[in-house]
Student: 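My questions all concern the structure below.
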Amino acid sequence: MKVRGLLLWFVAGASCAAESAVPASMPVLPPLPAVVGLPSGVGPGPLPAPPLVPLKMGNAKSVDLRFVNVAQVIDLVFSDMLQSQYVIAPDVLADSRTVSFRFDRTKGDIREVLGEFLSSLGFGMVTKNGVDYVFKVKEEDRKEPDKEAFVYVPKFRAADYLARIVQPLVGGGQFTMNRSVAAPAGARAKGDAPPTSAAAMVDQSSDTMVFLGSAKEIAILKAVLPQVDTKTGEVAVRAWVYEVSIENDKTTGFQLAASLLGGRLGISLGVGTVDENANALRLHTGVLDAAIAALDSDSRFHVVTSPNLRVESGKHGRLNVGQSVPIIDSVSYPNSSGAPVQSVTYQDAGVIFDVLPTVRDDVIDTDVTVEISDFQKTTTGVNNSPTKNTRKSETTMALHDGEVVVMGGLSQGKNSAVTSGVRWLPSFMDGRALSDSRSDIVLVLQVSKV
């Protein structure tokens, strides 16, 4: 005997229906008698929830259920569609409501739809250790909490910086200074932008934080903000940039500086001399003035610049000694007359020193850029713009408070030939002088917390 069909429970009554081919010899059970004639409140009481009958549809890609138990829908989705581990709470299994559920997974995300479906019925779903838990949401949790306003005046940090730091902790609330488009500090609007303008979407600077959210979120802000709104710290930067004249091709400016400091100050530089591949040397705090005096006493060391800056943590300190030269950036033809319009930008040249310190608990992260550049007439390419000769070094170091570092690595060589003689004499009688010179850049840097 073959029986085909799908067995479904209908909670509206205590009967079951089967769509199948039933032989004539199989007995047919009579329907349950209805209880009539009883006064209100008298009777056998509500019928218990029918037992959960698992619905199996294989590896289902779509489902169409009519008038089935809520728990049956959850069981079918998790076992046949998501095929994941799950736990259904007893109060969810005891729910006697019937629902209809139809979904085609090729047209949407089944997990997202299931979450909205459960939320509409007062249920929730959470995933822990790869297992999905379905539970009944408490009535007090379903109510939207009353929102309150909280105003905080920053002591040390900017309000927009603090808002970005604590925003993930209070996702349900809203800060008034936040905008949908982030902008760097220098590009933020200084004044209020009209609400309907595009500028209103750009993050703007503010000196006060205003937050609207629940009492729980405000309590989190009151606990976190004092720990985040702390002093940034300041750093005193002392630097000397030396240009070292090199006579021996096998010696670098850094090796000369290391040997000089080792001989004058008795600093241990390791076995013998400094490794030829080394380009940095760390010194203790108390030897800075003596080290500078030792380098100044050697005629091969010429001071290019010696900046002394005080910089806030996380901000740039910049020293530029030189000139800004106009450079043709682009040429456009805005109208039909054909008259070109040139766009000019200015580039700095000379001695440029840029430092970006970030104060940590134990060290100071320091980004240092040293550039020595000049312009000369262009002989190739675009002749209307000069050529910029640049020697530039960019490095990042983690220095302790007051630590001194000596660095090298920038080298430049120059070859020149000079001819002298009398015009009416043969050329072989002319005097010729060839010169080959090379110079290195050595940086001495100290950063100290203020």
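Numbers here simply count residues along the sequence, with the first being 1.
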Student: Taking atom CZ of Phe67 and atom CD of Gln72, what is their separation to the nearest 0.5 Å?
Tutor: 14.0 Å

Student: Hey, are the side chains of Val224 and Val228 touching, using non-hydrogen atoms and a 4.5 Å cut-off?
Tutor: yes

Student: Kindly say whether Arg102 contributes a backbone atom to a donor-acceptor pair with the side chain of Asp64 at under 3.5 angstrom?
Tutor: no

Student: Hey, could you give me the CD/CG distance between Glu116 and Asp109, rounded to the nearest 0.5 Å?
Tutor: 9.5 Å

Student: Which pair of heavy atoms, one from Val92 and one from Val134, lies closest together, and at what distance?
Tutor: CG2-O, 4.0 Å

Student: Ignoring hydrogens and angles, tell me if any N or O in the side chain of Lys388 forms a donor-acceptor pair with the backbone of Asp348 under 3.5 Å.
Tutor: yes

Student: Kindly indicate whether the side chain of Tyr242, heavy atoms from C-beta on, has any atom under 4.5 Å from the side chain of Asp440.
Tutor: no

Student: To the nearest 0.5 Å, what is the distance between NZ on Lys147 and CZ on Phe211?
Tutor: 8.5 Å

Student: Would you call Arg238 and Asp289 a salt bridge, taking side-chain N to carboxylate O under 4.0 Å as the test?
Tutor: yes

Student: May I ask you to test the Tyr86-Val77 pair for a side-chain heavy-atom distance under 4.5 Å?
Tutor: no

Student: Nearest 0.5 Å, please: how far is NE2 in His302 from CZ in Arg300?
Tutor: 15.5 Å

Student: Is Asp132 salt-bridged to Arg111, going by a charged N under 4.0 Å from an acidic O?
Tutor: yes

Student: Any salt bridge linking Arg318 with Asp354? Criterion: basic side-chain nitrogen under 4.0 Å from a carboxylate oxygen.
Tutor: yes

Student: Return the CZ to OG1 distance between Phe375 and Thr390, rounded to the nearest 0.5 Å.
Tutor: 7.5 Å

Student: So, taking the atom named CZ in Phe101 and the one named CG in Leu76, what distance separates them when rounded to the nearest 0.5 Å?
Tutor: 8.5 Å

Student: So does Ile441 get a backbone contact from the side chain of Arg391, meaning a donor-acceptor N/O pair under 3.5 Å?
Tutor: no

Student: Any side-chain heavy atom of Val170 within less than 4.5 Å of one from Phe175?
Tutor: yes

Student: Under a 4.5 Å cut-off applied to non-hydrogen side-chain atoms, are Leu221 and Glu217 in contact?
Tutor: no

Student: Would you mind reporting whether Leu356 and Thr396 have side-chain heavy atoms less than 4.5 Å apart?
Tutor: no

Student: Quick one: does Leu295's side chain get under 4.5 Å of Val406's, heavy atoms only?
Tutor: no

